[in-house]
Amino acid sequence: MLLAGVATGVVGLLQAAGVAQAFPNPDGSETSNSRDFVGQGIANIAASFFRGMAGGGSLSGTALNVSAGARSRYAAAMQAIVVVVVVLVFSGLLSLIPNAALAALLIYAAALSIKFDAIAAVRRTSWMSFAAMGLTFFATLVVPLQQAVIFGVVIASILFIYRSSTDIRIQQIKVDGNQLIVSDPPKTLPDHTVTVLDVEGNLFYAGARTLSERLPDATASTSPVVVMRLRGQSEVGSTFFKVIGKYADQIRDHTGRLVLTGVQPSVRERMLRTGNLELIGEENVLMAGHVLGGSTLAG
C-alpha cells in the first residue's frame, strides 16, 4: 500500500498544481501552490477520520465549473452542497441516468481541460519537455494512473539533472582600459597570472561535476591565482564543495591560490559547517557586497 499511497498523494498534488496553472485566478492574483498543498493535506487528514476518500484538484471538474460560469472557489463549495442534497433526496432519479450520458459528460469535461495552445508552446520551446509530456501521456494509456504519474515524475527528474549538467558556463573576465572583456577560459592556467573566472549555471550535483571538467587545468602551472566569481549561486551542495576543494588543493600544490568571490551568506554558512571554509581558507572566501564586482576587485 505504500507505493500506491505515495502515488495517490503525488497525483493529488500534481492535479492541484495543474489546476492553478491551467485556470489562473479571475482577479489576476497570484496562486500559491504551498497554500493549496497545505489546504489539501488538512482536508484529507480530516476526511480520514470520517472514512472519507482522498481528494485533490480536478482539471476536468474545474474546466466544467468554469464552462458553467463559475467565478470563485465558492463554486466548489456550492457544488458539494448541491451534490449532497441531490444524492440524499433524488437518489432514485439519479439511478435512471444512463451510464453513457455520464461517460459523455466525463469526456466533455476532460476535453475542456486540454490546452492545445499550451501543448504547441511546449513543443516549440523544448523538445525534451515535449517528449516527456508525450511519454507520460502514453504511460497513462497503458499502465495504472498512479504508476504513470510516478513515471512522469522520474522522467522530469532525469531531464532536470541532464539540464543541470549541461547548463554550466565558465567565462574569463579581463580588464581592458575601462572595459571588461569576456572570453573563453584558457585550457591551462598561465604561470604567475591572475585569472578571473565567472561561473554561471546550476552548480547542484550534476552541474558541479560538469564544472570540474571545464575548469582550466592547474596541474601544469606555476604560482597561478584564480579568482572565481560565484555571485548569485545559492543552491550548491556537497559535490560542489568537493570539486572546489580538490581544485584548491591542485592550485595550492603549485604554489598558487584560489579565491572565491561574491559568496552568498548561506553558501559561506554551509562551507563553515562542512569544514570547507577552513580547507579553502577563510581569507580566500569573500562575501558578496552591494557593489557589483567589489569582492572580485578585493580578491
Side-chain angles (χ1 to χ4, degrees), residues 1-122 133 136-137 139-141 143-153 156:
M1 297 295 293
L2 180 60
L3 180 60
V6 172
T8 302
V10 172
V11 169
L13 295 180
L14 290 179
Q15 285 182 332
V19 170
Q21 291 292 326
F23 299 94
N25 293 331
D27 58 0
S29 60
E30 292 290 335
T31 59
S32 174
N33 287 332
S34 296
R35 291 185 62 185
D36 291 343
F37 292 174
V38 170
Q40 183 174 320
I42 293 175
N44 282 328
I45 291 174
S48 67
F49 289 97
F50 301 94
R51 298 184 180 181
M53 296 178 62
S58 173
L59 278 172
S60 57
T62 304
L64 192 61
N65 280 343
V66 172
S67 67
R71 297 183 177 274
S72 71
R73 69 192 69 182
Y74 297 107
M78 293 300 299
Q79 180 187 28
I81 296 175
V82 172
V83 168
V84 170
V85 173
V86 170
V87 169
L88 294 179
V89 179
F90 303 103
S91 58
L93 294 177
L94 291 178
S95 64
L96 300 178
I97 299 177
N99 288 335
L102 296 177
L105 180 62
L106 291 176
I107 293 174
Y108 173 71
L112 291 177
S113 64
I114 300 176
K115 304 295 183 181
F116 291 101
D117 293 340
I119 294 175
V122 172
M133 179 179 62
T136 304
F137 174 74
T140 60
L141 302 179
V143 299
L145 178 60
Q146 65 271 17
Q147 297 179 13
V149 171
I150 295 297
F151 174 78
V153 171

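Quantities reported herein were computed from a predicted structural model and do not represent experimental measurements.
- Here the OG1-CE distance, from T136 to M133, works out to 9.0 Å after rounding to the nearest 0.5 Å.
- Across all non-hydrogen atoms, the minimal contact from A75 to A70 is CB-CB, 3.6 Å.
- Remark: of the listed residues V82, L88, V87, L88 is the sole one forming a side-chain contact (heavy atoms from CB on, under 4.5 Å) with V84.
- In summary, of the residues considered (D36, N44, I42), a side-chain contact (heavy atoms from CB on, under 4.5 Å) with Q40 occurs for N44 alone.
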